[in-house]
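This report refers to the structure that appears directly beneath it.
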Amino acid sequence: MDSKIIAFAIEAHQIVNHLYDNKPYSVHLALTASFAQKYIHLVPESYHSVVIDACWLHDTIEDTRMTYNDILKVANPTVADIVYAVTNEKGKTRKDRANEKYYEGIKNCDFASFVKLCDRLANAKYAADTDSRMKQVYRTENEHFINSLIDNNNKFTYSKMIAELNAILN
């Protein structure tokens, strides 16, 4: 875990006044990173810091005015590739933004599925804890999300993460 990356991610969201349910966006980033820590044993040890850093940065391109090249200034190319892969496509609706091309990009980038699962676990947990309407949105999307995000090679690897997500949403 790189304190420079954490500070960069938090500041990038602060600069554009990006909040998470009227709270500092760091609430979501920290929760996402905490799920990564919980399931870090599923990732080869040499990639532990990569996925933790990517969790802190995962929404930076999507939600702030930062670019892939901005991410490269603070993180290595593997982290930047994961952040880029989990960045939504352009679109007017959630379905447009999380389209087939988006999920293919995630599946074709090592550990991007792990980071995206950590992100969804964080969102679902927060929605359940706060009784947010988003819990129902995530519940409705869940089967498609899992089937689009995880190929058969990763289903077993990430089965405990998927089980926890299902438990949160049910």
Side-chain angles (χ1 to χ4, degrees), residues 1-21 23-40 42-124 126 134 138 141 144-151 153-154 157-158 161 165:
M1 181 166 27
D2 187 329
S3 59
K4 171 182 71 170
I5 285 176
I6 295 169
F8 177 87
I10 291 170
E11 183 179 10
H13 290 277
Q14 286 174 337
I15 288 170
V16 296
N17 198 30
H18 189 230
L19 301 175
Y20 191 73
D21 193 31
K23 294 176 178 60
Y25 203 76
S26 58
V27 168
H28 171 64
L29 301 177
L31 188 54
T32 302
S34 74
F35 276 107
Q37 290 285 6
K38 180 176 183 176
Y39 291 107
I40 199 71
L42 300 176
V43 173
E45 190 171 342
S46 60
Y47 286 92
H48 285 190
S49 63
V50 166
V51 297
I52 299 296
D53 291 347
C55 282
W56 279 98
L57 291 166
H58 77 276
D59 279 335
T60 308
I61 296 172
E62 184 175 310
D63 295 337
T64 74
R65 296 184 181 101
M66 298 297 165
T67 66
Y68 177 86
N69 287 326
D70 293 325
I71 303 301
L72 281 176
K73 291 175 185 171
V74 296
N76 69 47
T78 306
V79 172
D81 287 347
I82 294 169
V83 174
Y84 184 79
V86 300
T87 299
N88 278 347
E89 296 290 317
K90 208 171 164 182
K92 294 179 181 178
T93 66
R94 286 178 65 81
K95 190 174 181 177
D96 290 345
R97 292 186 298 273
N99 59 31
E100 190 175 315
K101 179 182 174 191
Y102 168 70
Y103 285 115
E104 280 304 310
I106 292 173
K107 287 193 289 192
N108 290 325
C109 180
D110 290 342
F111 309 111
S113 291
F114 178 87
V115 170
K116 188 61 190 172
L117 270 170
C118 292
D119 174 38
R120 183 56 64 101
L121 281 161
N123 282 326
Y126 185 85
M134 288 305 294
Y138 299 133
E141 294 174 346
H144 178 261
F145 172 78
I146 296 299
N147 289 335
S148 298
L149 183 70
I150 307 297
D151 59 30
N153 297 329
N154 289 339
T157 303
Y158 297 137
M161 296 174 83
L165 180 59

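For clarity, every value in this text was computed on a predicted model and none was experimentally measured.
If you check the side chains of D96 and Y102, you find no donor sitting under 3.5 Å from an acceptor. Judged purely by distance below 3.5 Å, without hydrogens or angles, the side chains of Y25 and D59 pair a donor atom with an acceptor atom. Between T67 and D70, the side chains place a donor N or O and an acceptor N or O closer than 3.5 Å (distance only, hydrogens not considered).
Among the candidates T78, V43, D110, the single residue satisfying the side-chain contact (heavy atoms from CB on, under 4.5 Å) test with V51 is V43.
No more than 12 heavy-atom neighbours from other residues, nucleotides or ligands sit within 6.0 angstrom of OH on Y84.
For the pair D119 (side chain) and V115 (backbone), a donor-acceptor distance under 3.5 Å is absent. A donor-acceptor contact shorter than 3.5 Å links the side chain of E62 to the backbone of N88. At least one donor-acceptor pair under 3.5 Å links the side chain of R97 to the backbone N or O of G91. Without hydrogens or angle criteria, S113 side chain to I150 main chain gives no donor-acceptor distance under 3.5 Å. In this structure a side-chain-to-backbone donor-acceptor pair under 3.5 Å is missing from D53 to I5.
Taking the side chain as every heavy atom from C-beta outward, Y20 and N123 approach each other to under 4.5 Å.
Taking OG from S148 and OH from Y103, the interatomic distance works out to 5.5 Å, rounded to the nearest 0.5 Å. The structure places NZ of K116 at 14.5 Å from NZ of K107, a figure rounded to the nearest 0.5 Å.
Between H28 and H18, the ring center distance fails the sub-6.0 Å criterion. Two rings, from Y39 and F114, have their centers 6.0 Å or more apart. When ring centroids are compared, F145 and Y138 stay outside the 6.0 Å threshold.
The minimum heavy-atom distance between L57 and V83, with the atom names listed, is O-CG1, 3.4 Å.
With respect to R94 and E141, a salt bridge is recorded, a charged nitrogen being found less than 4.0 Å from a carboxylate O.
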